[in-house]
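Proteins come first, then strands; the chains are lettered A, B, ... in the order of their sequence lines, and each starts at number 1. Everything quoted here is computed from the prediction, not taken from an experiment.
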2 protein chains.
Amino acid sequence: MVDLTPKKLEIQQRGDRILSIARSMIVDDGYHGLNMDRIAEQLEISKGTIYNHFSCKEEIIIALAIETAEKRRSLFQAAAQFRGRSRFRMLAIGEADLRFFQEHTSHFEFERMLRIPSILEKTSEKRQSVMQMCEAACMQVVGGIVRDAIANGDLELTNSMTAEEVVFGLWSLHYGAQSIIASSENLDQIGLHRPVETMTTHTAMLLDGLGWLPLSTEFDENEVIEQINNEVFKNV
Amino acid sequence: MVDLTPKKLEIQQRGDRILSIARSMIVDDGYHGLNMDRIAEQLEISKGTIYNHFSCKEEIIIALAIETAEKRRSLFQAAAQFRGRSRFRMLAIGEADLRFFQEHTSHFEFERMLRIPSILEKTSEKRQSVMQMCEAACMQVVGGIVRDAIANGDLELTNSMTAEEVVFGLWSLHYGAQSIIASSENLDQIGLHRPVETMTTHTAMLLDGLGWLPLSTEFDENEVIEQINNEVFKNV
DNA sequence: TTATTTTCTGACTATCCGTCAATTTTATTT
DNA sequence: AAATAAAATTGACGGATAGTCAGAAAATAA
């Protein structure tokens with residue numbers, strides 16, 4: 001598809017512009033701010049044309065979520081390339097996740113909307129599976145690091161825990177923290193002044209609890225993170 | 001208010017019935033299943049009367065969330081009464097949380113809806129603060145146990161972490177896990193066969209990582225939980 | 001240039017939230 | 001018990017917005 005006809009190109013670009021406007025509408029005014037008539041008005045096209053691109057409102061939401069989910073996936077995959085001990089590679093994943101959160105905070109709003117069944121229901125199977133692929137790919141990346149750690153003895157799982165279950169724990173902690181942070185305005189009032197850093201610390205504590213070597217007391221986290229930033233995220 | 005007039009009693013009961021029907025509508029068909037006209041139809045009252053009870057749709061949602069949030073609060077407060085070492089009292093909280101999750105899974109759907117700003121916005125300040133009170137009370141309960149643990153030496157916080165931040169970590173882990181569990185249908189397919197138990201194990205790992213004594217390896221969890229069930233939740 | 005296919009349009013339908021003037025019911029006073 | 005005042009109820013209505021579709025316009029093929 002290198003040489004699109006002018007018309008095809010126009011259509012493709014319009015699709016992108018619809019998403020772009022929709023994203024800012026949601027960022028500004030939330031779910032109810034997304035309004036098909038207003039998108040049509042702002043792009044100076046008719047509403048019917050929008051429905052040529054997206055079969056319903058919810059389809060736009062999942063398309064937006066997919067855009068950012070793909071960015072997360074590539075960040076994770078880049079992070080996993082870091083050369084070093086398994087625990088340091090996990091730290092790189094944490095750094096990727098942190099960057100993603102800070103640059104795409106709105107992603108969590110989309111994700112939260114999609115976790116409401118009556119919203120997800122209306123989206124196409126196709127986009128649902130793309131979304132699941134992205135999630136699964138991220139879990140695969142993290143799961144791979146966990147398995148490597150087990151293989152080389154950095155991590156020894158008790159409680160008959162599996163690698164997938166380790167991923168679930170980290171996923172829960174991060175998803176929960178980020179969801180709370182992104183949707184609460186009064187964290188400072190309840191004594192949480194640096195929630196993102198707190199989340200990172202807890203991640204380290206959880207890995208320590210699992211006995212993932214080297215323990216956080218046995219290396220200088222800041223030093224490793226600097227290394228990660230230099231090697232993996234230097235272009236960012 | 002012991003002797004209500006018949007009319008007042010009727011009104012109060014109708015309020016409850018509105019919530020009851022609304023709850024089942026949301027449980028069955030999600031956010032879009034909640035329909036003011038249909039509530040009126042099923043209760044054989046006019047729509048205007050519903051608006052005498054609740055100023056808008058979202059007000060019903062938050063009222064439902066408050067109903068269950070209050071149950072959680074009382075479960076937490078009961079759990080905190082458990083006599084024993086601080087870590088065992090945390091275990092009691094975990095047990096309370098587990099019971100709450102299993103009996104009121106739908107609560108997380110309400111909570112997720114309320115974390116969408118455009119929905120929360122429409123609810124009254126009054127109910128918002130009731131909701132916050134409930135949350136804060138739960139955090140206070142857990143925070144109290146953390147402070148007790150610090151005071152008697154069971155827990156020594158490094159990283160300049162505060163008691164509130166410890167609560168935040170546990171809260172994130174549980175909120176994230178429960179939110180994922182309640183909104184995912186395919187966890188089994190990705191290798192998570194016992195997600196609730198996994199969450200519990202991770203909680204223990206996190207507490208171990210924080211160095212909260214006694215460590216999970218130093219006592220028989222099942223034995224303590226049995227004790228908790230006998231002493232705190234025997235009436236359930 | 002003509003024919004055919006694709007795309008676009010916007011008026012229209014359907015749904016549903018929330019309002020309010022008129023009506024009915026309940027409570028109070030005489 | 002009747003009259004009056006207050007409170008509660010009603011349902012038709014306005015307004016917003018999602019989604020449709022027959023006809024018009026534009027792009028492509030013949």
Q: Measure from the side-chain heavy atoms of B:Asp37 and tell me the nearest of C:dT7, C:dT19, C:dC16.
A: C:dC16

Q: Please state whether the base of D:dG19 and the side chain of A:Lys47 form at least one donor-acceptor pair under 3.5 Å?
A: yes

Q: As a test of reading the structure: which of C:dC17, C:dT7, D:dA8 is closest to the side chain of B:Lys57, going by heavy atoms?
A: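 Of C:dC17, C:dT7, D:dA8, C:dC17 is nearest to the side chain of B:Lys57.
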
Q: Looking at D:dA8, I'd like to know if its phosphate oxygens (OP1 or OP2) sit under 4.0 Å from a side-chain N or O belonging to B:Asn52.
A: no

Q: Atom CD1 of B:Ile45 and atom P of C:dT24: how far apart are they, to the nearest Å?
A: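 Taking CD1 of B:Ile45 and P of C:dT24, I get 19 Å after rounding.
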
Q: Given B:Leu34, which partner from the list B:Leu64, B:Asp29, B:Ile26, B:Asp28 fulfils the side chain to side chain contact (heavy atoms under 4.5 Å, CB included) test?
A: B:Ile26

Q: What is the distance from CD1 of B:Ile18 to P of D:dA8, rounded to the nearest Å?
A: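 Rounded to whole Å, this separation is 14 Å.
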
Q: State, yes or no, whether a side-chain contact exists between B:Arg127 and B:Met131 at a heavy-atom distance under 4.5 Å.
A: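 The answer is no; the side chains never approach within 4.5 Å.
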
Q: Are B:Ser46 and D:dG11 close enough that a side-chain N or O sits under 4.0 Å from OP1 or OP2?
A: no

Q: Is the phosphate of D:dA8, meaning OP1 or OP2, less than 4.0 Å from a side-chain N or O of B:Lys8?
A: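 Result: yes.
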
Q: Across the strands shown, which category fits A:Arg14 at heavy-atom distances under 4.0 angstrom: base, sugar-phosphate, nothing?
A: sugar-phosphate

Q: In this structure, how many angstroms lie between the C1' atom of C:dC16 and the OH atom of B:Tyr31, rounded?
A: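 Atom-to-atom, B:Tyr31 to C:dC16, this comes out as 11 Å.
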
Q: Whole-Å distance between D:dT10 P and B:Leu43 CG?
A: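 The answer, rounded to whole Å, is 11 Å.
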
Q: Is the ring pair B:Trp171/B:Phe168 parallel, tilted or perpendicular, if the boundaries are 30 and 60 degrees?
A: perpendicular

Q: Ignoring backbone atoms, test whether B:Asn35 places a side-chain nitrogen or oxygen under 4.0 Å from the OP1 or OP2 oxygen of C:dT15.
A: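 Answer no for this pair, as no side-chain N or O of B:Asn35 is under 4.0 Å from OP1 or OP2.
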
Q: Measure from the side chain of A:Ile11, starting at C-beta and using heavy atoms only, and say which of D:dA18, C:dC8, C:dT19 lies closest.
A: C:dC8

Q: Check the distance between C:dC16's C1' and B:His32's NE2 and give it to me in whole angstrom.
A: 11 Å

Q: Without decimals, in angstroms, what is the distance between B:Met25 CE and C:dC16 P?
A: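 Interatomic distance, CE of B:Met25 to P of C:dC16: 11 Å.
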
Q: So A:Glu95 and A:Asn229, side chain to side chain contact (heavy atoms under 4.5 Å, CB included) or not? Walk me through it.
A: CA-CA 8 Å; A:Glu95 190 61 22; A:Asn229 283 331; 3.6 Å; yes

Q: Is it possible for you to check whether A:Arg115 lies under 6.0 Å from the centre of the six-membered ring of A:Tyr175, through NZ or CZ, and within 45° of that ring's axis?
A: yes

Q: Over all strands shown, is A:Ile39 touching base, sugar-phosphate only, or nothing at heavy-atom distances under 4.0 angstrom?
A: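 Nothing, no heavy atom under 4.0 Å.
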
Q: Report which part of the nucleic acid A:Ile60 touches: base, sugar-phosphate, or nothing (heavy-atom distance under 4.0 Å, all strands).
A: nothing

Q: Checking side chain to side chain contact (heavy atoms under 4.5 Å, CB included) for the pair A:Asn35/A:Glu41: CA distance, chi angles, key distance, verdict?
A: CA-CA 10 Å; A:Asn35 180 309; A:Glu41 198 185 326; over 6 Å; no

Q: Mind calculating the distance between OH (A:Tyr51) and C1' (D:dA22) to the nearest angstrom?
A: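 The distance from OH of A:Tyr51 to C1' of D:dA22 comes to 18 Å, rounded to the nearest Å.
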
Q: Atom CE of A:Met36 and atom C1' of C:dT13: how far apart are they, to the nearest Å?
A: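 Computing the A:Met36:CE to C:dT13:C1' distance gives 17 Å.
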
Q: Return whichever of B:Glu58 or A:Thr49 has its heavy-atom-nearest nucleotide of DNA chain C closer to the 5' end.
A: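 It is A:Thr49 whose nearest nucleotide is closer to the 5' end.
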
Q: Using only side-chain N and O atoms of A:Lys7, determine if any of them is under 4.0 Å from OP1 or OP2 of C:dC8.
A: yes

